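Reading through the structure tokens given below for one structure.
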Amino acid sequence: MTNSDSRPTLAILISGRGSNMVAIARTCLSGALNARVTLVISNRPDAPGIEAAREMGIDTAVIDHKAFASRQAFDDALHERLMSVKPDWIVLAGFMRILTEDFVNRWQGRMLNIHPSLLPKYPGLDTHARAIAAGDRHAGASVHIVSPELDAGPVVAQVRVPIESDDTADTLAQRVLQEEHGLYIKALQLCVGKMDQ
Ligand code: GAR
């Protein structure tokens with residue numbers, strides 16, 4: 001990429017498989033999303049998504065949270081690495097760490113997260129099992145602006161997925177995940193496209 005590339009930049013944070021990250025990166029490469037992914041960071045050294053990002057030619061970093069004595073120390077290291085590329089947006093895509101209020105405030109209004117529920121229902125973990133146990137007719141996923149309170153920032157876009165009578169948390173998670181990729185791209189088109197730059 002040349003320095004004259006003026007597309008908004010994304011840093012994507014992952015903890016595992018990275019299928020949302022790959023979908024976003026591919027859509028940027030195809031030109032269907034007017035942005036480019038400049039860095040993928042994982043807090044887990046064994047996250048398969050890191051290899052997938054490398055194969056796509058994206059710069060990667062591993063910042064192992066276990067190497068830090070406190071949440072604040074980890075978030076400071078994360079912030080420092082992000083500042084080396086100064087992304088326009090931080091995209092949390094299966095990033096399974098709670099971020100400190102300090103960190104969130106530093107990137108306020110420029111950080112998105114995808115959560116596998118129809119927020120405000122089921123913040124936190126085990127969202128699909130909780131939706132099935134409650135007898136809900138629909139599950140889904142939400143993309144929201146990250147605020148200091150967990151999974152509570154303003155929702156940008158949501159997708160609803162019917163819950164079938166024989167669904168387990170795993171079968172439901174698979175169907176929701178298939179919808180998450182398009183949802184995240186739609187949310188990015190809305191947010192990144194709105195950037196005043
Ligand atoms: C996705 O289902 C995402 O919604 C969820 O983790 C999965 C990551 O999949 N995120 C959360 O639970 C955040 N609280 P991926 O690594 O294949 O994108």
Side-chain angles (χ1 to χ4, degrees), residues 10-29 33 35 37 39-56 58 60-65 71 74-75 78 89-100 103-104 107 111-133 136 138-163 167-188 191:
L10 314 178
I12 305 184
L13 273 49
I14 63 169
S15 297
R17 177 178 51 196
S19 72
N20 277 289
M21 177 276 295
V22 168
I24 293 164
R26 280 199 185 132
T27 309
C28 289
L29 288 172
L33 177 60
V37 181
L39 183 62
V40 171
I41 301 178
S42 171
N43 65 306
R44 292 192 177 276
D46 56 354
I50 280 291
E51 190 51 39
R54 283 193 193 121
E55 281 169 11
M56 298 177 84
I58 301 168
T60 61
V62 171
I63 305 176
D64 184 351
H65 64 275
R71 205 170 274 284
F74 169 78
D75 283 6
L78 186 59
W89 286 85
I90 297 176
V91 178
L92 308 183
F95 183 68
M96 304 304 282
R97 290 282 300 169
I98 293 173
L99 294 162
T100 57
F103 182 91
V104 173
W107 295 95
M111 184 156 49
L112 290 169
N113 180 44
I114 190 159
H115 183 73
S117 79
L118 293 169
L119 290 173
K121 276 190 160 183
Y122 314 127
L125 299 174
D126 301 324
T127 54
H128 300 309
R130 288 155 70 197
I132 292 170
D136 291 356
H138 289 89
S142 308
V143 174
H144 65 97
I145 302 273
V146 178
S147 66
E149 195 186 337
L150 183 68
D151 300 328
V155 170
V156 174
Q158 281 186 325
V159 64
R160 283 159 72 87
V161 174
I163 298 179
D167 258 331
T168 63
D170 284 346
T171 59
L172 183 56
Q174 280 168 27
R175 285 208 318 288
V176 172
L177 184 69
Q178 284 169 16
E179 302 299 324
E180 287 186 31
H181 300 164
L183 177 74
Y184 222 156
I185 287 153
K186 180 176 145 194
L188 283 162
C191 292

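Counting convention: from 1, in listed order, for ligands and their atoms alike. Just the heavy atoms: all of them, side chains too, but no hydrogens, waters or symmetry mates, feed the values below. Position 1 is the first residue of the sequence, and the numbers go up from there. Quantities reported herein were computed from a predicted structural model and do not represent experimental measurements.
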Considering only non-hydrogen protein atoms, determine which one is nearest to [atom] and report residue, atom name and distance to 0.1 Å.
atom                    : value
atom 4 (O) of ligand 1  : Glu180 OE1, 2.8 Å
atom 6 (O) of ligand 1  : Gly94 CA, 3.7 Å
atom 14 (N) of ligand 1 : His115 ND1, 3.4 Å

Heavy-atom pair of closest approach, residues [X] and [Y]:
X      : Y      : answer
Tyr122 : Ser117 : O-OG, 3.4 Å
His181 : Ser19  : NE2-OG, 2.9 Å
Val156 : Cys191 : CG1-SG, 3.7 Å

Looking only at distances, can you tell me whether any N or O atom of Ser19, backbone or side chain, sits closer than 3.5 Å to an N or O atom of ligand 1?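 Indeed, backbone or side chain, Ser19 has an N or O that close.
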Output yes when the distance from some N or O of ligand 1 to some N or O of Asn113 is under 3.5 Å, and no in every other case.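 No; the residue has no nitrogen or oxygen that sits under 3.5 Å from a nitrogen or oxygen of the ligand.
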Carefully, step by step, assess Arg54 and Thr60 under the rule side-chain hydrogen bond (donor to acceptor under 3.5 Å, both in side chains). CA-CA 7 Å; Arg54 283 193 193 121; Thr60 61; 3.2 Å; yes
Is it the case that over 12 heavy atoms from other parts of the model lie below 6.0 angstrom from the CZ atom of Arg26?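 No, the 6.0 Å shell around CZ holds no more than 12 heavy atoms from other groups.
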With side-chain contact (heavy atoms from CB on, under 4.5 Å) as the criterion, how do Val159 and Glu180 come out once you've worked through the C-alpha distance, each side chain's angles and the decisive distance to 0.1 Å? CA-CA 8 Å; Val159 64; Glu180 287 186 31; 5.7 Å; no
Using heavy atoms and a 4.0 Å limit, tell me yes or no: is Ile114 in contact with ligand 1?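 Distance cut 4.0 Å: Ile114 passes for ligand 1.
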Show the atoms of ligand 1 that are less than 4.0 angstrom away from any heavy atom in Pro116. 4 (O), 5 (C), 10 (N), 11 (C), 12 (O)
Would you call the rings of His65 and Phe74 parallel, tilted or perpendicular, taking 30° and 60° as the class edges? perpendicular
Can you tell which of Ser117, Gly124, Ala52, Gly18 gets a heavy atom nearest to atom 16 (O) of ligand 1?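 Looking at heavy atoms only, the winner is Gly18.
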Option whose closest heavy atom lies nearest to atom 7 (C) of ligand 1, chosen from Arg97, Arg17, His181: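 Minimum heavy-atom distance to atom 7 (C) of ligand 1 goes to Arg17.
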